[in-house]
Amino acid sequence: MLKMYKWVAQPIKKGQKKQTWWLINKDTGLVVLEIRFSPYSKTKHDYWLRKKIQKAFELYDTMVFADVLRVY
């Protein structure tokens, strides 16, 4: 699986209870997804969900990359 994405936490602004996270493409540096969690969510669940989202993006890119190059 291609490791093409990383999560970057944005600083907490005044009045904000949880951080905003950006999923960034490592190659281009562009923000692919911005996500904010509920202030009532648990940190463990937030981490788990971010990993699942990142894995889904990486799996999709791997499948497209393999299909385009006809690598099986």
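Just so you know, these numbers use all the heavy atoms, side chains as well, and skip hydrogens, waters and symmetry mates.
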**Q** What about Val32 and Leu49, same hydrophobic cluster or not, with Ile/Leu/Val/Met/Phe/Trp/Tyr joined at side-chain heavy-atom distances under 4.5 Å?
**A** yes
**Q** Hey, could you give me the OH/NZ distance between Tyr47 and Lys52, rounded to the nearest 0.5 Å?
**A**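 Tyr47 OH to Lys52 NZ: 11.5 Å, rounded to 0.5 Å.
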**Q** Say whether, by atom type as modelled, one donor and one acceptor occur between the side chain of Gln54 and the main chain of Trp7 under 3.5 angstrom.
**A**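 No, the answer is negative, given that no donor and acceptor are paired below the 3.5 Å cut-off.
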**Q** Side chains of Arg50 and Phe37: does their closest heavy-atom pair fall under 4.5 Å?
**A** yes
**Q** Under a 4.5 Å cut-off applied to non-hydrogen side-chain atoms, are Leu33 and Tyr5 in contact?
**A**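 Side chain of Leu33 against side chain of Tyr5, heavy atoms only: no contact under 4.5 Å found.
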**Q** Hey, any chance Met4 and Ile35 share a hydrophobic cluster, counting ILVMFWY side chains that come within less than 4.5 Å of each other, even indirectly?
**A**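 Per the 4.5 Å side-chain linkage, Met4 and Ile35 are co-clustered.
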**Q** Treating Ile, Leu, Val, Met, Phe, Trp and Tyr as nodes and any side-chain heavy-atom pair under 4.5 angstrom as an edge, say whether Val8 and Trp21 lie in one connected cluster.
**A** no
**Q** Quick check: closest heavy atoms across Asp27 and Asn25, and the distance to 0.1 Å?
**A**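 Heavy atoms only, the tightest pair is N-OD1, 2.9 Å.
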**Q** Please answer: with hydrophobic residues joined when any side-chain heavy atoms are less than 4.5 Å apart, are Trp22 and Ile53 in the same cluster?
**A**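 No: no chain of side-chain contacts under 4.5 Å links Trp22 to Ile53.
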**Q** Got a sec: does the NZ of Lys42 have more than 12 other heavy atoms crowding it under 6.0 Å?
**A**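 No, the 6.0 Å shell around NZ holds no more than 12 heavy atoms from other groups.
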**Q** Who passes salt bridge (Lys or Arg N to Asp or Glu O under 4.0 Å) against Lys18, sequence neighbours left out?
**A**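 Residues passing salt bridge (Lys or Arg N to Asp or Glu O under 4.0 Å) with Lys18: Asp46.
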